[in-house]
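First up is the structure itself, then whatever we jot down about it.
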Amino acid sequence: MRKRLLRQYSRWIVRHPWVVVSSAFLFTAFCLTISILFLKTQTGILDLYSDKNPINQRFIEYTQKFGAAENLILVFEGGKEKQRHEAMEALASRLREDPNHYIRDIFYKVDLALFQKHAFEFLSQAQLATLLEQFKSQDGFLRGLFSASDYAGLLGVLNQSVEAGLQGKNADPSRVKEFDKLLKPVEGLNDALKGEVITSSAILAGLNSHSEKHRTVDSAGYLSVEDHTMQVMMIRPIDRKQDYKIAQKLVEWVREEISQVATSFPTVKIGVTGGPALNHDQFQISQKDMTLASIFAFLSTAILFFLAFKEFARPLLGLLTLAINLIWVFGLTTLTVGHLNLFSLAFVVILVGQGTYYGVHVVA
């Protein structure tokens, strides 16, 4: 039964070749049209997560409410700290305009006024008890420190505290370890001679040498690395799916704005990193490599056809059939699934190789 049906089907094809060829080309044109108009490409990383998995469902729901944790990070290095601050403010003012609505928020500075006003409210009970004990101590270093009206008075308080320790008053071996804290105000004199503004927050920060090593906010409230040689700005995209296309537009626009600001601050180098920037760069490279690999696969297949059969016409028909097969695949994908993702885009190269098997037998 099956052989008889296949035999009749073959006879009909042989007797009506133009019907078969024209039908194939019409279907190819149909597949090409719907693929161009309706086939979507999902370039978001979250699109790769299956929504049928309970864990993925919770994670997708979380990102829909709070967004992904991928931030675009700008790093400012070189020049003086004041110049880096000015460059950050200039760039932030341009990015806040955001005519294309790429950015959800920008974070690069902490308002220290709130912490200065309510400083004691952020201390633990043990820390408050320690401060109270220091205020009640005989040398009264903290009390004298904040009551000093000028820098000379500050040095006088420092001198009295050191002399009290040398004379054995309230002698305590642990006070030796705290001696570096006493020298912190003196270090501020060096900054003052450089023309930098000495704020109360900087003095308070300098009193604790241990926390100073791990501070990520400088004396003016700007985000910085631990050694304060670089400032950092974090940009949270408005897109919550980590879509490559949106990230690409964001990164390219931010780099354009950086180039505009960089001309006014030649000594400050501004770099871009973070998830969106890395995704943008790696997807650009992979897209370029995938395009070159697909072209190479098709051309190498054509050369093998021509060399193996030592003619041009029949191998060319085989390659034409291969091209039609690829268009049919995209057309049927549009009708059934409706989209491609970052993984399925990589299978084009495989389809070029797999789609030639049947054509090889027919041409041979």
For the atom pair [atom1] ([X]) and [atom2] ([Y]), what is the distance rounded to the nearest 0.5 Å?
| X | Y | atom1 | atom2 | value |
| --- | --- | --- | --- | --- |
| Q57 | E61 | CD | CD | 9.0 Å |
| S224 | E81 | OG | CD | 7.0 Å |
| T267 | R84 | OG1 | CZ | 9.5 Å |
| L319 | T301 | CG | OG1 | 7.5 Å |
| I327 | T33 | CD1 | OG1 | 10.0 Å |
| L72 | R255 | CG | CZ | 8.5 Å |

Does any part of the side chain of [Y], heavy atoms only, come nearer than 4.5 Å to the side chain of [X], both counted from C-beta?
| X | Y | answer |
| --- | --- | --- |
| L322 | F298 | yes |
| L340 | F330 | yes |
| Q248 | V251 | no |
| L74 | L95 | yes |
| E89 | E86 | no |
| K109 | L223 | no |
| I235 | Y108 | no |

More than 12 heavy atoms from other groups under 6.0 Å of [atom1] on [X]:
| X | atom1 | result |
| --- | --- | --- |
| L6 | CG | yes |
| E252 | CD | yes |
| F296 | CZ | no |

Which pair of non-hydrogen atoms, one from [X] and one from [Y], has the smallest distance, and what is that distance?
| X | Y | value |
| --- | --- | --- |
| G331 | C31 | CA-CB, 3.7 Å |
| V363 | G318 | CG2-CA, 4.5 Å |
| A87 | V261 | O-CG1, 4.0 Å |
| V272 | A277 | CG1-CB, 3.8 Å |
| I73 | M234 | CG1-CG, 4.3 Å |
| S300 | A297 | OG-O, 3.0 Å |

Q | Lys/Arg-Asp/Glu bridge criterion (N-O < 4.0 Å) met for K288, D281 | A |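 No, K288 and D281 are not salt-bridged.
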Q: Answer yes or no: is there an ion pair linking E311 with R314, defined by an N-O contact shorter than 4.0 Å?
A: yes
Does [X] share a hydrophobic cluster with [Y], counting links as ILVMFWY side-chain heavy atoms below 4.5 Å and allowing steps through other members?
| X | Y | value |
| --- | --- | --- |
| F265 | V232 | no |
| L316 | I303 | no |
| W253 | M233 | yes |
| L278 | V75 | no |

Q) Does a donor on one side chain sit under 3.5 Å from an acceptor on the other, for E77 and T229? A)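 Result is no, nothing qualifies.
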Is the side chain of [X] donor-acceptor paired with the backbone N or O of [Y] at a distance under 3.5 Å, no angle test?
| X | Y | answer |
| --- | --- | --- |
| N100 | Y102 | no |
| D98 | I103 | yes |
| Q83 | K80 | yes |

Q) How does the hydrophobic cluster around L299 look, that is, which other residues are in it when side-chain heavy atoms under 4.5 Å mark a link? A)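 The other cluster members (ILVMFWY side chains, heavy atoms under 4.5 Å, direct or chained) are I295.
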Q. Which hydrophobic side chains are connected to F25, either touching it within the sub-4.5 Å cutoff or through other members that do?
A. V21, F27, F30, I34, L37, F38, L320, I324, W328, L332, L335
(Q) Give me each pair satisfying ring pair (Phe, Tyr, Trp, His ring centres under 6.0 Å) with a member in residues 73-99, each pair once, sequence neighbours excluded. (A)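 Applying ring pair (Phe, Tyr, Trp, His ring centres under 6.0 Å) to every pair that reaches into residues 73-99, excluding sequence neighbours, yields H85-Y222.
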Q. Under the criterion side-chain contact (heavy atoms from CB on, under 4.5 Å), which of T333, L326, N325 is the partner of V329?
A. T333
